[in-house]
There are 2 protein chains.
Amino acid sequence: MSQPYDINAFDNPLFTVDNVLFTIKEKRLMILMVKRANDPYKGRWGLPGGFVDTQLDDSIEMTALRKLKEKTNISVPYLEQLEVFSGLNRDPRGFSVTAVFYALTSHQSVSSYLETIADVQWIDIQELNSLPVAFDHKLIIKTARDRLEQKALYSMVPVYCLPELFTIGQLKSVIEIIIGKTIQRKSLIRRIEASNMFETIDQKIKSGGRLAQVYQLKENVEIAHFERNFSN
Amino acid sequence: MSQPYDINAFDNPLFTVDNVLFTIKEKRLMILMVKRANDPYKGRWGLPGGFVDTQLDDSIEMTALRKLKEKTNISVPYLEQLEVFSGLNRDPRGFSVTAVFYALTSHQSVSSYLETIADVQWIDIQELNSLPVAFDHKLIIKTARDRLEQKALYSMVPVYCLPELFTIGQLKSVIEIIIGKTIQRKSLIRRIEASNMFETIDQKIKSGGRLAQVYQLKENVEIAHFERNFSN
DNA sequence: CCAATAGTGTCTCTAAGACAGTATGAC
DNA sequence: GTCATACTGTCTTAGAGACACTATTGG
């Protein structure tokens, strides 16, 4: 079987990188969104992203980190590929491809910087439905949200929504917000011990009741994964 | 902070799609490889893939399916994005990006077609180390293999390595080859029942002992996922 | 004292692992 | 009969869920 199509059809599609940066703020799952300054979709909210710069970027992971740093002034502590979204209709300029990453950070590490910029904001994921969002970014966010939710059921990734020092209660809360159901504190403690990822520091902080033990990640730890999901 | 870099740096990277098509054949995990007819890496084995054709492809999933059909003459029953590999050094022609898919099929569905083509072959994954492989395709294959292994621990995806009609013993064998350890037949049966994905047909086939019940997938089923991994 | 959150002890529950026992085919 | 594989029954095990209990803070 021969291939009768024109060699000129092989023009490279438009290639971009986008990021879904999550955090938990005020007990809500939030996403970093950028008000678009240019067409297409000028004035709408979109995901922070852009083009690869082959002079600066060794890989698209670098592109993702660089774009996030431009908007937040930090290097995010957790970044992972989500998937590629592509198609003829997702961008009015023609067939386009975007490699999407999802990332986590504590809101504290970027809040002071964000206050200086009006067109970059944390937006509550539940409020996104009623906002004008560019491209297929609502679909992308839904996909990222689902992936994060799954991951939170069997891994310790949600810690990266917290600052370096945190308590078990805070970690429990963050996990519960991500997965949308409560978990047993005891189950979390068992995982914390089994994971061997954390160490206590000689400090306790206020929590509305008894003082809470402060934890931090050990250095250069691998994120623990478990053989079972949290269930209910 | 302004961005002082040259606008011309934003030339689109070279974008391709590649596939890691797995099957189980002769009790071995195999991958479909293509002997490259052109430079770069002419004469080496590479993954089946190529450029997006924006006239033919609605999305890169279509590109992946189209490329696989060119080599196998079938539409693979399972296809999923793996991840994107990118970088300056992975292709001698410059910064390149490839969106990689992994896929499964029964070897029976393509064997007769493959016999007519010398430069497309199933290659045992264990023999790949001693073969000349193009680009970073060894790394890609390793990544795909790891992902398939993980997936086989908590989902029914391995069925797609089998023909439409199959026995529990065959499914058990396929899973064991993928995950590299034995599982309890009983555990698999429990999952088959819980998944509700399969139905028996009024047929039994030889197996070296007692005749085995023949199963098939129900129509339009979702692939079942489980809350626990097979362990050991 | 009470309210609230931190942390422990321990029983239950669920699904996988182990494995013995039976069933049925080929020879 | 033996051997091999199919299939079932049922006990054990590991880790999550439930939940009562104690501990420590602020008011």
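No hydrogens, no waters, no symmetry mates; every other heavy atom, side chains included, goes into these values. In what follows, chains are A, B, ... by sequence order, proteins preceding strands, each numbered from 1.
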_Phosphate contact (D:dG17 OP1 or OP2) by A:Ser187 side-chain N/O below 4.0 Å_ =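 Answer is yes, contact under 4.0 Å.
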_Phosphate-side-chain proximity, A:Gln184 and D:dA18, N/O vs OP1/OP2 below 4.0 Å_ =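 Result: yes.
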Considering residues at least two apart in sequence or located in another chain, which fulfil the side-chain contact (heavy atoms from CB on, under 4.5 Å) criterion with [X]?
X        : answer
A:Ser187 : A:Gln184, A:Arg190, A:Phe230
B:Ile205 : B:Thr167, B:Gln170, B:Gln203, B:Val214
A:Lys69  : A:Ser75

*Taking heavy atoms of chain B and a 4.0 Å limit, find me the 5'-most and 3'-most nucleotide of DNA chain C within that range.*
C:dT14 to C:dG25
Between the protein and nucleotides 24-27 of chain D, list the N/O to N/O atom pairs that are separated by less than 3.5 angstrom.
residue : atom : partner  : partner atom : Å
D:dT24  : O2   : A:Arg210 : N            : 3.2

Find every protein N or O atom lying less than 3.5 Å from an N or O atom of nucleotides 8-11 of chain D, and list the pairs.
residue : atom : partner  : partner atom : Å
D:dG9   : N7   : B:Lys186 : NZ           : 2.8

*Not counting sequence neighbours, list each pair that qualifies as a salt bridge (charged side-chain N to carboxylate O under 4.0 Å, His left out) and has a residue in residues 124-142 of chain B.*
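Qualifying pairs: B:Arg28-B:Asp124, B:Arg90-B:Asp136, B:Lys142-B:Asp146.
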*salt bridge (charged side-chain N to carboxylate O under 4.0 Å, His left out): pairs with one or both residues in residues 157-185 of chain B, sequence neighbours excluded*: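 Listed by first then second residue: B:Lys172-B:Glu176.
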Could you pull out every donor-acceptor pair under 3.5 Å between side chains of residues 76-83 of chain B and any protein atom, sequence neighbours left out?
residue : atom : partner  : partner atom : Å
B:Tyr78 : OH   : B:Glu80  : OE1          : 2.2
B:Glu80 : OE1  : B:Tyr102 : OH           : 3.2
B:Glu80 : OE1  : B:Lys151 : NZ           : 3.1
B:Glu80 : OE2  : B:Lys151 : NZ           : 3.2
B:Gln81 : OE1  : A:Val84  : N            : 2.7
B:Gln81 : NE2  : A:Val84  : O            : 2.8
B:Gln81 : NE2  : B:Glu61  : OE2          : 2.9

[X] [atom1] to [N] [atom2]: how many Å, rounded?
X        : N      : atom1 : atom2 : result
A:Asn229 : D:dA14 : CG    : C1'   : 15 Å
B:Leu188 : D:dT5  : CG    : P     : 17 Å
B:Phe226 : D:dG15 : CZ    : P     : 20 Å
B:Ile205 : D:dA6  : CD1   : C1'   : 12 Å

*Can you sort out the partners of A:Arg145 under salt bridge (charged side-chain N to carboxylate O under 4.0 Å, His left out), two or more places apart, ordered by chain and number?*
A:Glu149
*If you measure from CD on B:Gln121 to CE on B:Met30, what distance do you get to the nearest 0.5 Å?*
10.0 Å
*asked:* Under the rule for ring-ring contact (aromatic ring centres under 6.0 Å, His included), what residues qualify as partners of A:Phe226, not counting sequence neighbours?
replied: none
_Verdict with reasoning, A:Tyr154 to A:Glu227, per side-chain contact (heavy atoms from CB on, under 4.5 Å)_ = CA-CA 7 Å; A:Tyr154 65 84; A:Glu227 298 209 332; over 6 Å; no
*Would you classify A:Gln213 as touching base, sugar-phosphate or nothing, given that sugar-phosphate means primed atoms plus P, OP1 and OP2, and contacts are heavy atoms under 4.0 Å?*
sugar-phosphate
_Any residue of residues 151-161 of chain A with a heavy atom less than 4.0 Å from an atom of DNA chain D_ = none
*Are B:Lys71 and B:Asn19 close enough that a side-chain donor and a side-chain acceptor fall under 3.5 Å?*
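On atom types as modelled, these side chains do not qualify, holding no pair under 3.5 Å.
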_Backbone of B:Thr105 reached by a side-chain donor or acceptor of B:Thr23 within 3.5 Å_ = yes
*Taking the inter-plane angle between the rings of B:Tyr215 and B:Phe166 on a 0 to 90° scale, is it parallel (under 30°), tilted (30 to 60°) or perpendicular (over 60°)?*
parallel
*asked:* Both B:Arg228 and B:Ala212 contact DNA chain D. Which one's nearest nucleotide lies toward the 5' end?
replied: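 First, find each residue's nearest nucleotide; the 5'-ward one identifies B:Ala212.
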